[in-house]
**Student:** 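I have a structure here, written as structure tokens, and I will follow up with some questions on it.
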Amino acid sequence: RPGLALCAGCGGRIQDPFLLRVSPDLEWHVACLKCAECGQPLDETCTCFLRDGKAYCKRDYSRLFGIKCAQCRAVFSSSDLVMRARDHVYHLECFRCAACGRQLLPGDQFCLRERDLLCRADHGPPPDGAAARGPR
């Protein structure tokens, strides 16, 4: 289809003998497919991620759109074990009582008060529906 496609990067007609198709409906000149954040060329040697019609390298996509730890704000890697409390996600080492600093372990009862995790000793018996247990 060279000559018929429009480049999602520059909007120009693709007349080159080669084009890069990132998704079924987005095609790019080879030279135009770059990370929207850092400008790194995205080719067969670099994984490409799309969001709202823009292409990103893996590092920038994770930094901008990845789930972050509710405590340290770092992005999770695929190998990280996590703990969840309602809609907050934590690294295991960040899952600590805000009052005493004790690391909360799988099976420990805790309470989530706004963004603060509290162990049972620092909060007392949690109100109904506020306790959670274990990793996910």
Side-chain angles (χ1 to χ4, degrees):
R1 292 184 22 176
L4 300 176
L6 294 179
C7 177
C10 70
R13 200 179 220 150
I14 301 176
Q15 296 178 338
D16 306 351
F18 301 103
L19 60 87
L20 295 174
R21 183 171 288 137
V22 177
S23 69
D25 58 340
L26 292 177
E27 298 167 328
W28 306 71
H29 290 110
V30 173
C32 289
L33 186 57
K34 297 177 182 175
C35 176
E37 191 70 14
C38 71
Q40 175 183 355
L42 303 172
D43 55 22
E44 65 277 353
T45 64
C46 183
T47 304
C48 178
F49 294 84
L50 287 179
R51 176 92 175 226
D52 301 326
K54 294 180 182 178
Y56 296 92
C57 65
K58 183 177 183 175
R59 185 192 54 183
D60 285 329
Y61 185 86
S62 293
R63 181 178 56 80
L64 293 168
F65 308 111
I67 297 172
K68 296 175 179 71
C69 176
Q71 180 63 35
C72 72
R73 306 301 301 153
V75 175
F76 294 102
S77 74
S78 60
S79 62
D80 285 337
L81 296 175
V82 300
M83 296 287 280
R84 293 181 187 271
R86 293 195 189 126
D87 58 347
H88 302 290
V89 184
Y90 301 83
H91 292 106
L92 287 181
E93 58 276 5
C94 295
F95 200 69
R96 297 179 174 277
C97 176
C100 69
R102 183 175 72 82
Q103 184 173 11
L104 299 168
L105 302 172
D108 287 349
Q109 289 188 347
F110 64 89
C111 179
L112 181 64
R113 195 183 285 164
E114 295 188 21
R115 292 193 75 109
D116 291 335
L117 294 167
L118 297 171
C119 68
R120 186 174 183 133
D122 287 316
H123 184 266
D128 290 340
R133 293 178 181 256
R136 291 191 182 175

**Student:** Under the rule for ring-ring contact (aromatic ring centres under 6.0 Å, His included), what residues qualify as partners of Y90, not counting sequence neighbours?
**Tutor:**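 So Y90 forms a ring-ring contact (aromatic ring centres under 6.0 Å, His included) with F95.
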**Student:** Checking H29 side chain against R13 main chain: does a donor-acceptor pair fall under 3.5 Å?
**Tutor:**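 Indeed, once roles are kept as given, a pair shorter than 3.5 Å links the two residues.
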**Student:** Please report the shortest heavy-atom distance between Q40 and C57, naming the atom on each side.
**Tutor:**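 Minimum heavy-atom contact is OE1-CB, 3.7 Å.
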**Student:** Using the salt bridge (Lys or Arg N to Asp or Glu O under 4.0 Å) rule, collect all pairs that involve residues 95-106, keeping only residues at least two apart or in two chains.
**Tutor:**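 The answer is R102-D108.
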**Student:** List the residues meeting ring-ring contact (aromatic ring centres under 6.0 Å, His included) with F76, not counting sequence neighbours, and say none if there are none.
**Tutor:**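 Per chain and number, F76 pairs via ring-ring contact (aromatic ring centres under 6.0 Å, His included) with H91.
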**Student:** Using the rule that two of Ile, Leu, Val, Met, Phe, Trp, Tyr join whenever any of their side-chain heavy atoms come within less than 4.5 Å, decide whether V75 and V82 are in one cluster.
**Tutor:**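 Each belongs to a different hydrophobic cluster.
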**Student:** Which heavy-atom pair separates A55 from L50 by the least distance, and what is that distance?
**Tutor:**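 That closest heavy-atom pairing would be CA-CD2, 3.8 Å.
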**Student:** Run the side chain to side chain donor-acceptor pair (under 3.5 Å) test against S78 and tell me which residues pass, sequence neighbours left out.
**Tutor:**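 S78: no side chain to side chain donor-acceptor pair (under 3.5 Å) contacts found.
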**Student:** Should side-chain heavy atoms under 4.5 Å link Ile, Leu, Val, Met, Phe, Trp and Tyr, which residues sit in the same cluster as F49?
**Tutor:**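 Grouped by the 4.5 Å side-chain rule, Y56, Y61, L64, F65 form the rest of the cluster around F49.
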**Student:** Answer yes or no: is there a side-chain heavy-atom contact under 4.5 Å between L117 and C97?
**Tutor:**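 L117 does not reach C97 side chain to side chain.
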**Student:** What residue pairs, at least two apart or across chains, pass salt bridge (Lys or Arg N to Asp or Glu O under 4.0 Å) with a residue in residues 49-66?
**Tutor:**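 Residue pairs with at least one partner in residues 49-66: E37-R63, D60-R63.
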**Student:** Of all the heavy-atom pairs spanning H88 and L112, show the shortest one and how long it is.
**Tutor:**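 Looks like CD2-CD2, 3.5 Å.
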**Student:** How long is the gap from CG on L33 to CD on E27, to the nearest 0.5 Å?
**Tutor:**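 Interatomic distance, L33 CG to E27 CD, rounded to 0.5 Å: 12.0 Å.
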**Student:** Give the minimum heavy-atom separation between C94 and Q71, together with the two atoms involved.
**Tutor:**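 Result for this residue pair: CB-CB, 3.7 Å.
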**Student:** Can you name the nearest heavy-atom pair linking L26 to A8, along with the distance?
**Tutor:**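 So the minimum-distance heavy-atom pair works out to CD2-CB, 3.8 Å.
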**Student:** Would you name the heavy atoms of L42 and C48 that are closest together and state the gap between them?
**Tutor:**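 Closest heavy-atom pair between L42 and C48: CD1-SG, 3.9 Å.
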